[in-house]
Amino acid sequence: IDVPDGFKVSEGTVNLTNKTRQFERVVAQDGDQIEIRCQLEMPGGYVYPDDYKAFREWAYRVDDAELIDISHLPQM
């Protein structure tokens, strides 16, 4: 993504794992270029009742990790 001068992104890597499910998000900025890479691995099948609570919490964390803060810094 190309952004105008003065914009800043919250950079970093997020890794979330739940059994065989994996989510990774990498955000990096180099000047006016922002790179966002996301990977979700979630094999098909069932989520068993005993595993549902942990799966739901992981899914909420993945959803939260998709939010990326891009801010405009005031010019001084």
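Model, not experiment: these values are computed from the prediction.
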> Could you give all pairs that pass the salt bridge (charged side-chain N to carboxylate O under 4.0 Å, His left out) test and reach residues 41-54, with sequence neighbours left out?
Replying inline: K19-D51
>> Would you say L40 ends up clustered with V47 if hydrophobic residues are merged whenever their side chains have heavy atoms under 4.5 Å apart, either directly or through other cluster members?
In response: yes
> Is there a chain of hydrophobic side chains (I, L, V, M, F, W, Y, each step under 4.5 Å between heavy atoms) that links V26 to V9?
Replying inline: no
> When rounded to the nearest 0.5 angstrom, what is the spacing between CD1 in I68 and CD1 in I34?
Replying inline: 8.5 Å
> Could you give the distance from CG (D32) to CG (D5), rounded to the nearest 0.5 Å?
Replying inline: 7.0 Å
> Looking just at side-chain N and O atoms, do T13 and N15 make a donor-acceptor pair shorter than 3.5 Å?
Replying inline: no
>> According to ring pair (Phe, Tyr, Trp, His ring centres under 6.0 Å), does anything in residues 3-54 pair up with another residue at least two apart or in another chain? List the pairs.
In response: F7-H72
> Any chance CG of D30 has more than 12 other-residue heavy atoms, nucleotides or ligands included, within less than 6.0 Å?
Replying inline: no
> Minimum heavy-atom separation for E11 to Q29, with atom names?
Replying inline: OE1-N, 2.8 Å
Show me the side-chain donor-acceptor pairs of residues 57-65 shorter than 3.5 Å, one per line, residues at least two apart or across chains.
{"residue": "W58", "atom": "NE1", "partner": "L16", "partner atom": "O", "Å": "3.3"}

>> Between E66 and C38, does the side chain to side chain contact (heavy atoms under 4.5 Å, CB included) criterion hold? Intermediate values first, please.
In response: CA-CA 9 Å; E66 293 279 30; C38 294; 3.7 Å; yes
